[in-house]
Amino acid sequence: MDEQLFFKKLDNLCTSEEIFYFLSSLEVMSDTMASGALQRISEVEVDDNGLKNPGLLENDVFRALCFQFEFESSRLSNTGLLNALQALIKLRIDPQSTLMTSLLSESEERLGRGQLTAENLCILGESLLELESPSCATLEQILNRMQERDIERWSPREIVMVYKILQVTVREGKQCQNLLNRLNSVTLRTVSQLSPNFASVILNSLVVLRQTRAVPLVTALCKHSVKHVPYFTGHELVNVLEAFLYFGQKVQVFTEALERHVPKSIGTMHPQTVSKVMQYCCKKMILSKPIFDAVAESFISSADRLTTDQIAAYIIPFGTLNYLPPSASSLFRKLEAVLHTQLRHFQPHTLLNLLHSCVLIQRYPINFLPKIFSPYFLQKLQAQPPGLNRVVMSQLTQLFLTVALECPFYEGPKLLSKYQVKACPTPHSSPDVHLFKRVKTGLLYLLKKRIYFASEVSTPYFYVVDIEIKLDEEGFVLPAAQLEEVHRRIALCVDGQNRFCAHSHNLLGEEAIKQRHLQLLGYEVVQVPFFEIESLRNTRKMADY
């Protein structure tokens, strides 16, 4: 049969049975046609979970094809040899079998003799990278052959393969930074031609290879990724999000693309992809209500199928970014039900992070606190990295404070004093230095003397007050150092941008719970947010404010 007609017919066949029936009707076929048939079988029979129908490997037609390739490997064309090798690796044929050993050694011999074209090198490189432990020496040989050609003329496919090979060789301790610098420079000029898959693979390689100096390339790839957001597979999107996090990239239009894509695709997205989207939002402090609302609905319907890490990844950002979705009551009912069935499967630190995030948004895990405060659980926390460091002990202390101030009906065990800390070390707690200075200048103008207010005051209750003003019974200001006759305490919270979600006036969970607790502890809390005072140009206007 004519090759063109053969491949046209082959492309229309959708199962291995149809392909085998078609092949058995042919008397003769070239090695290119036979390897094409193997490739088509691998396309229809292999998915993300592996081989759909392992029984096909016992089919007579399949075995006859393999027999020919095994015993005539030296007579095959380069295309026939390498396409067959690639297809058989995808079909998970044992790399130690005589068939695979024969094809691999023939490929390596031709590589050594310099008989492979650029296209052949690509197929061989891609095939070897699919193996669990590819031969580093062979991959290096491919790299050397590739570099004999002008790097400026490499195709996107060749560029991607070389990045993947470099990941393997660098893991083996080889130094390739000179080649990487040239490759990064060439790739920058081809970014606009990259498919979603290629863009994702290169970003992942840049993370693995720690290319923190390749800023122009990373920036260009991140911007290029925006238009591909609807077309990335779950795995590809995870790679892109990890690159955004690793390189600290902030591209507003990328977030907007996610906001359009996630709500309508969440029903088919893998939980790991959703988890990474939420991690991205949480780390970047992006409160995206369309994404969060969609994730809440997804959690309500699919929480029973999630792992404990995925449950935490879905829920923690709601607390961190201080947001309750419209479906909050159903969301936390579902969370409680899932916790009841899966509690013992949670890692100690994951469980603590999850329950702590709930109290930030006034969802109190009363039924689970006895476990958290038990000596046995605290010992498990201590034994597992990062142990009982200040952040962990602050979370425990804040849980305990929440119970004391907001849940007076709780009668379970309390947190032992040795696990409590005196001051809260949250990363966003320090006031914005410039803003703080302007507020203090305005206060000084208003109160005339510096003795009438104190800054960064440690309270006996874990929190640090930005500025404290004391008043007597008649409302007159007292010196900050005075301890007697204090009738009212005013806590000024000087809230810079670092205490809010990105591009938002929504306080972060850590700051919201602090202001709530200070109020319950008897302070009059006065919030001084950056967006109300950044336009005040002089001290007089600040004092009036």
Side-chain angles (χ1 to χ4, degrees), residues 322 356 359-360 389-406 415 417 419-500 507-534 536 539 542-545:
N322 185 29
H356 177 257
V359 302
L360 299 180
N389 62 16
R390 276 187 69 75
V391 173
V392 172
M393 288 177 71
S394 294
Q395 288 178 318
L396 289 167
T397 306
Q398 206 161 36
L399 272 175
F400 176 64
L401 250 181
T402 302
V403 169
L405 294 171
E406 301 184 63
L415 181 67
S417 58
Y419 295 110
Q420 298 176 32
V421 289
K422 296 284 185 284
C424 164
T426 60
H428 306 284
S429 62
S430 303
D432 177 312
V433 178
H434 177 64
L435 199 67
F436 202 48
K437 190 176 175 184
R438 290 185 60 211
V439 169
K440 287 197 287 187
T441 306
L443 269 179
L444 190 57
Y445 185 94
L446 182 71
L447 301 177
K448 308 304 180 214
K449 287 186 180 175
R450 183 67 180 80
I451 60 165
Y452 290 118
F453 63 92
S455 55
E456 298 188 85
V457 179
S458 293
T459 68
Y461 313 104
F462 178 65
Y463 297 110
V464 174
V465 173
D466 293 337
I467 293 174
E468 184 184 56
I469 301 172
K470 296 174 179 175
L471 307 178
D472 67 11
E473 201 165 354
E474 293 174 25
F476 289 104
V477 181
L478 296 170
Q482 187 167 324
L483 301 176
E484 298 84 32
E485 297 177 16
V486 179
H487 190 69
R488 288 161 62 200
R489 291 172 188 266
I490 295 174
L492 252 70
C493 295
V494 184
D495 294 331
Q497 274 179 308
N498 59 333
R499 293 183 180 175
F500 291 87
L507 268 183
L508 294 172
E510 284 284 2
E511 191 59 27
I513 195 174
K514 171 186 166 179
Q515 295 184 16
R516 199 165 73 234
H517 283 180
L518 286 174
Q519 227 160 356
L520 291 168
L521 288 163
Y523 283 90
E524 286 182 42
V525 175
V526 178
Q527 193 187 2
V528 183
F530 75 95
F531 50 84
E532 286 184 1
I533 58 174
E534 59 189 358
L536 303 177
T539 308
M542 182 69 83
D544 290 344
Y545 169 87

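This is a predicted model, so every value here is computed, not measured.
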For a side chain to side chain contact (heavy atoms under 4.5 Å, CB included) with Val528, tell me which candidate from Ile467, Val439, Asp466 qualifies.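 Option passing the side chain to side chain contact (heavy atoms under 4.5 Å, CB included) with Val528: Val439.
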
Sidechain-backbone polar pair: [X] side chain, [Y] backbone, donor-acceptor under 3.5 Å:
| X | Y | answer |
| --- | --- | --- |
| Arg499 | Val494 | yes |
| Gln420 | Leu415 | yes |
| Lys514 | Val464 | yes |
| Asp472 | Glu485 | no |

Taking every non-hydrogen atom, the tightest pair across [X] and [Y]:
| X | Y | result |
| --- | --- | --- |
| Gly496 | Leu435 | CA-CD2, 3.6 Å |
| Ala543 | Gly442 | CB-O, 3.8 Å |
| Ile490 | Leu492 | CG2-CD1, 3.7 Å |
| Tyr452 | Pro479 | CD2-N, 3.8 Å |
| Asn322 | Gly509 | CB-N, 3.5 Å |
| Leu483 | Lys470 | CD2-NZ, 4.2 Å |

side-chain hydrogen bond (donor to acceptor under 3.5 Å, both in side chains) pairs, two or more places apart, involving residues 437-450: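 Residue pairs passing side-chain hydrogen bond (donor to acceptor under 3.5 Å, both in side chains), neighbours aside: Arg450-Ser455.
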
Rounded at 0.5 Å granularity, tell me how far [atom1] in [X] sits from [atom2] in [Y].
| X | Y | atom1 | atom2 | answer |
| --- | --- | --- | --- | --- |
| Glu473 | Leu478 | CD | CG | 11.0 Å |
| Leu508 | Asn498 | CG | CG | 8.5 Å |
| Leu518 | Arg489 | CG | CZ | 11.5 Å |
| Ile469 | Leu443 | CD1 | CG | 5.0 Å |

Contact check, side chains of [X] and [Y], non-hydrogen atoms, under 4.5 Å:
| X | Y | value |
| --- | --- | --- |
| His434 | Glu534 | no |
| Gln527 | Leu507 | yes |
| Asp495 | Phe530 | no |

For Glu532, enumerate each residue passing the side chain to side chain contact (heavy atoms under 4.5 Å, CB included) test, keeping only those at least two apart in sequence or located in another chain. Pro529, Tyr545

Kindly indicate, with the supporting measurements, whether the criterion side-chain contact (heavy atoms from CB on, under 4.5 Å) is fulfilled by Arg390 and Val421. CA-CA 8 Å; Arg390 276 187 69 75; Val421 289; 4.2 Å; yes

Applying side-chain contact (heavy atoms from CB on, under 4.5 Å) to Leu405 and Arg516, what does each step give before you reach the verdict? CA-CA 10 Å; Leu405 294 171; Arg516 199 165 73 234; over 6 Å; no

Test ring-ring contact (aromatic ring centres under 6.0 Å, His included) applied to Tyr463 - qualifying residues, sequence neighbours left out: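 Residues passing ring-ring contact (aromatic ring centres under 6.0 Å, His included) with Tyr463: His517.
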
Is it the case that more than 12 heavy atoms not belonging to Tyr461 sit under 6.0 Å from its OH atom?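 No, OH of Tyr461 has 12 or fewer neighbouring heavy atoms, counting only those of other groups under 6.0 Å.
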
I'd like to know if the side chain of Glu511 pairs up with that of Gln515 as donor and acceptor (distance under 3.5 Å, no hydrogens or angles considered). yes

